[in-house]
Amino acid sequence: MMTLTQNIRTEIELEHVSMRYQTDKSEVLALDNVTVDIRKGEFVSLLGPSGCGKTTLLRIMADLIQPTSGEIKVAGGTAKEARLAQKYGIVFQSPVLYDWRKIKNNVSLPLEMMGVDKNERDKRVANLLELVGLSDFKEKYPWQLSGGMQQRVAIARALAIEPEILLMDEPFSALDEFSRERLNEELLSIWSKVKNTVVFVTHSIPEAIFLSDRVFVLSPHPGRLSTVVEIPLSRPRTKEMRNSYEFYELISNIRDSFEGV
Ligand code: ADP
Ligand code: MG
């Protein structure tokens, strides 16, 4: 039963959401009474150590799993309605590209599935590859690209359906620090053009700060929302900001909030 009152600026709203996994031998309380409110066009991160329920929370938002209890509203309706209306683009930790398809054909896959005609598809794929800076690689195969480039292909593919909401589960965590920082900057540049709502899962404090408008800090066992941190850095975010006093202060504040967890 939906009892939430939602204003139009709210994109995703979870109220008192809990998730209990039942296995043969045991029960895990993965999320305990989580309430969050994400605004339309906002970039938020879900930050916390491994096992604190980040993926579970993201999957609940995506309507891939249903919570044990609590309520969820997305874009003014249910999460299921949002999923059926193809409001979600999802990027996973590993890019899951099809090795036998060229880059352009990996990106066009969701458009093929939607029955978009070839001309329109080609046009949109060209725009998407331009957006993620991979136009020159459209005829290549995934294995010919670096890990970071593959993840950019996965981002282009997720954006193909022009999703209102982009959900990303640790998309850069397999990359080295240098590639990750560059990809962070590229993601923000893409987002500044697309302007959708982004929920980004990470266990990296600097990554969460650099990208987000707000950081939702989760604590483990059971997964709870411990604090929400506003990131007052201006946009566009720049490399130089990473070295600012303000940035270090944010890192140390968030790190402190994990103390005693
Ligand atoms: P995170 O993404 O933050 O690492 P997860 O959401 O994957 O956390 O997991 C949260 C907790 O729920 C962990 O203790 C994990 O072992 C447990 N868990 C996750 N998925 C399942 C599942 N399908 N069945 C049983 N337990 C699960
Ligand atoms: Mg996870």
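Indexing begins at 1, ligand by ligand and atom by atom, following the structure's order. Numbering of residues begins at 1 and proceeds along the displayed sequence. For the numbers below, each heavy atom of this structure counts, side chains included, while hydrogens, waters and symmetry mates do not.
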Indicate, as side chain, backbone, both or neither, the part of Val28 found under 4.0 angstrom from ligand 1 when only non-hydrogen atoms are considered.
side chain
May I ask you to identify, for Asp169, whether its side chain, its backbone, both or neither come under 4.0 Å of ligand 1 on a heavy-atom basis?
neither
Looking at Ser50, which atoms of ligand 1 are within less than 4.0 Å of one of its heavy atoms?
4 (O)
Numbered in order shown, the ligand 1 atoms found under 4.0 Å of a heavy atom of Thr23 are 25 (C)
First locate atom CG of Asn105, then atom CG of Leu97, and finally report the distance between them rounded to the nearest 0.5 Å.
12.0 Å
Regarding Thr55, does it place an N, O or S atom less than 2.8 Å from the Mg ion (ligand 2)?
yes
Over 60° means perpendicular and under 30° means parallel, so tell me whether Trp191 and Phe43 are parallel, tilted or perpendicular.
perpendicular
Tell me, which protein residue and heavy-atom name are nearest [atom], and how many Å apart are they?
{"atom": "atom 22 (C) of ligand 1", "result": "Tyr21 CD2, 3.5 Å"}
{"atom": "atom 7 (O) of ligand 1", "result": "Thr55 CB, 3.8 Å"}
{"atom": "atom 8 (O) of ligand 1", "result": "Gly53 N, 3.1 Å"}
{"atom": "atom 13 (C) of ligand 1", "result": "Gly51 O, 3.8 Å"}

With respect to Thr56, determine whether any N or O atom, backbone or side chain, lies less than 3.5 Å from an N or O atom of ligand 1.
yes
Shortest non-hydrogen separation from Pro49 to Leu218 and the atoms involved:
CD-O, 3.8 Å
Is there a donor in the side chain of Ser189 and an acceptor in the side chain of Ser192, or the other way round, less than 3.5 Å apart?
no
Salt-bridge criterion met for [X] and [Y] (N-O under 4.0 Å):
{"X": "Glu185", "Y": "Arg182", "answer": "no"}
{"X": "Asp32", "Y": "Arg224", "answer": "yes"}
{"X": "Asp213", "Y": "Arg235", "answer": "yes"}
{"X": "Glu112", "Y": "Arg101", "answer": "yes"}
{"X": "Glu13", "Y": "Lys73", "answer": "no"}

May I ask whether Gly48 places a heavy atom under 4.0 Å from ligand 1?
no
Is the closest heavy atom of Gly223 to ligand 1 under 4.0 Å?
no
Do protein heavy atoms approach atom 16 (O) of ligand 1 to less than 4.0 Å?
no
